[in-house]
There are 2 protein chains.
Amino acid sequence: MKITIKEIAAISGVSTTTVSQILNNKGQRFSEETRKRVLKAVCEYDYNPDYFAKNMVHRESKTVGMIVPDVTDLFFSKVIEGVEAYFNKKDYMILLCNSRHSADKEKDYIKQLQNRSVAGILLASPNSLKLESDLKGSPYILIDRGLNTRAEGNLLVKEYSGVYQAIQHLIDNGHTQIGMLTNESGYYEMTERFEAYYQCMKDNGIKYDPTFLADGPVTIEGGYLAAKELLEKRIITALCCGNDQMAIGTYRAAYELGLSIPNDLSVVGFDDLEISSFLNPPLTTVNQPAFDIGYTAAQYLLQEIEQPNKVVPNKTFETTFIERGSTINIDK
Amino acid sequence: MKITIKEIAAISGVSTTTVSQILNNKGQRFSEETRKRVLKAVCEYDYNPDYFAKNMVHRESKTVGMIVPDVTDLFFSKVIEGVEAYFNKKDYMILLCNSRHSADKEKDYIKQLQNRSVAGILLASPNSLKLESDLKGSPYILIDRGLNTRAEGNLLVKEYSGVYQAIQHLIDNGHTQIGMLTNESGYYEMTERFEAYYQCMKDNGIKYDPTFLADGPVTIEGGYLAAKELLEKRIITALCCGNDQMAIGTYRAAYELGLSIPNDLSVVGFDDLEISSFLNPPLTTVNQPAFDIGYTAAQYLLQEIEQPNKVVPNKTFETTFIERGSTINIDK
DNA sequence: CTGAAAGCGCTTACAG
DNA sequence: CTGAAAGCGCTTACAG
């Protein structure tokens, strides 16, 4: 068992009150002599106040929970990195929960986290709207979820304008047969991205054809399967993928079907993962600042925790279209 | 504030002892009637014993710490997934720490975790040997670190035989000018992989040439830079990369230098990340079971926690050479 | 079958 | 300048 404040007190010949006060820089000045004596004992025996006992009285767990749909997802792992970076500076630690896209698990995790008296919860989930009532009671921030029922603390990403720009770019380069890989399981941003695709086509007078769409999980494998299905059935010159991971899957599908990117097929993604610029050819995509999103979410959550009455601002993150080698001009 | 056991007791007109006993299925049978009454109140007010108070007496934090060098690393995120999958079943939660490859940070994290009375620590680090003395006191398992000073609980991966096989495969296919991308910052497995390369070359009578080596961080970017440096200075027909991420970087370097994979350059990686089979061409690599490694590490740690006197076995994970499209036979 | 009391390791009024 | 005592919310001997 670890050494206790009582023992430190005994060793240095003072009361526990004194030890506690000195350690917390509280109360009146103690004689330099006793301070030294206490500090020496503390140091010597490597005394650290017990976390649980301390929390019994203070109720500051200095812990937040973070729930993500998939830790191995390249976008989310970058978000986690941002969250961790901020909270680490603030002496908070993160209980990481991997929900595997399951709303039930998310619900369980929220419950568990609340039972542990976490100071707050960061939730990244397509189901977050349904879960907001469960979240009540603890401060929380929703990540990767534009709209929610609150007026503040919303982190928005310009999904729409990013994709719109990408589609416009394709059209400007002579493409009209443009497909899209979507995901209809409830990710708000996927809906936004589709809307942008739809609207941009429309604005350019290109008729919308639902057979140019394929749906699948937002993973490499999901993109591969969706792309394969789509490319086998329709002839298109460009494909807008729901995210970079799906684009990576598309590369493979194209390869297997003997289509060369970008010559036979232009491809654009969304996210601008680190890996995307290393693909062959480098992926044209839309950048969103994953690390920053996590970092900011963490920052907002801490504000909610520490200053519950202060209004948490909303924040909109820019997206940037990045042209690389996977798209080509097909006008003669 | 949450509702307390005292209030539940008051509401159901019994003592806190009774409530506690009933909730924990302890003690003598209580009359069916009082059980019901208590349970009803518990349910109605959604009472949950306070985590900290409970721990004050039980000291079972049901929490483990996990320290990884980089959460965005594709190998580690897979390991995390495995760890989480196991502990979630066991009602444990994970405090995730991202050390960013810094030994100082690792040390801090260990300290912090211990102060929080975690039940155990999972450490993935090239510095783990140096840190073992800090770890003393809590149960721990080292991940991704073949040898340590302990006789038990070692997780070994057959790094050596995997790479040996890969190199032999290259040689059998006519390659003799084989380069390697290494990392000398202390990762045990990187050393193992290099050793295998070295030995296999030697066993096949190919003279070892240190200029066929390039060193760099075990990331995509690191692989890109190292490969570029190497490929610009030496003509080689095959390159063995320290891991798949470095191989991905190599694809880009080759692309920029106008080298076609596999025609101008055969490439092999290590890890068999999900993404690797989707590369263009699909990467020839050596599979190691990242998820399993995490899962098993978690399992072993839990055993150490729950049965401190029982010997934790050692376990060796197999690696499998997987031939895909990035290597070619260059014999006529 | 049930409850009063002690104790887990801290912190914090309060008193001197 | 310092300490005795109460209290945080539980659980667990112990007693009846």
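Computed over heavy atoms, backbone and side chain alike; hydrogens, waters and symmetry mates excluded. Naming convention: chains lettered A, B, ... in sequence-line order (proteins, then strands); numbering from 1 in each chain.
Note on A:Asp292 versus A:Lys315: no salt bridge recorded, every NZ/NE/NH1/NH2 to OD/OE distance being 4.0 Å or above. Taking 4.0 Å as the cut-off between side-chain N and carboxylate O, B:Asp50 and A:Arg59 count as a salt-bridged pair.
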As a quick check of understanding, evaluate side chain to side chain contact (heavy atoms under 4.5 Å, CB included) for B:Glu274 and A:Thr72, giving each step before the final call. CA-CA 10 Å; B:Glu274 192 206 345; A:Thr72 68; 5.6 Å; no
Please evaluate residues B:Tyr109 and B:Leu95 with respect to the criterion side chain to side chain contact (heavy atoms under 4.5 Å, CB included), reporting the C-alpha separation (whole Å), side-chain torsions for both, the decisive distance (0.1 Å), and the verdict. CA-CA 10 Å; B:Tyr109 279 129; B:Leu95 287 170; over 6 Å; no
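Atoms CG (A:Asn48) and C1' (C:dG9) sit 13 Å apart, rounded to a whole Å. Atom CE of A:Met56 and atom P of C:dC10 are 13 Å apart (whole Å). In this structure, CG of A:Asn115 is placed 14 Å from C1' of D:dC10, rounded to the nearest angstrom. For the pair A:Leu23 CG and C:dT12 C1', the computed distance is 15 Å after rounding to whole Å. Atom CD in B:Glu60 sits about 18 Å away from atom P in C:dC8, given to the nearest Å. A straight line from CG of A:Asp50 to C1' of C:dG9 spans 6 Å, rounded to a whole angstrom. The distance from atom CD of A:Gln21 to atom C1' of C:dA15 is 13 Å, rounded to the nearest whole Å. Remark: P of C:dC1 and CZ of B:Arg35 are 12 Å apart, rounded to the nearest angstrom.
Among the atoms of the strands shown, base atoms are found under 4.0 Å from some heavy atom of A:Ser20. Among the heavy atoms of the strands lying under 4.0 Å from B:Asn24 are primed sugar atoms or P, OP1, OP2 only; no base atom is included. If you check every strand for non-hydrogen atoms under 4.0 Å, B:Tyr51 touches nothing.
Looking at heavy atoms from C-beta onward, A:Asp46 lies out of side-chain contact with A:Ile3 at the 4.5 angstrom threshold.
Only B:Val14, B:Ser15, B:Thr17, B:Thr18, listed by number, bring a heavy atom of residues 6-19 of chain B to less than 4.0 angstrom from any atom of DNA chain C.
When the nucleotides C:dT2, D:dG9, C:dC10 are ranked by their closest atom to the side chain of B:Phe30, C:dT2 comes out on top. Of the candidates C:dT2, C:dC8, D:dC1, the closest approach to any side-chain atom of B:Val57 belongs to C:dC8.
Two residues, A:His58 and A:Phe52, neighbour DNA chain C, and the one matched to the more 5' nucleotide by heavy-atom proximity is A:Phe52.
Remark: B:Lys62 NZ is packed, more than 12 non-hydrogen atoms of other residues, nucleotides or ligands lying under 6.0 Å away.
Here B:Thr34 does not reach the OP1 or OP2 of C:dC1: none of its side-chain N or O atoms lies under 4.0 Å away.
Secondary-structure annotation of DNA chain D gives the stems C:1-3 with D:14-16, C:5-12 with D:5-12, C:14-16 with D:1-3, with a stem taken as at least 3 successive Watson-Crick or G-U pairs whose two distances both fall under 3.5 Å.
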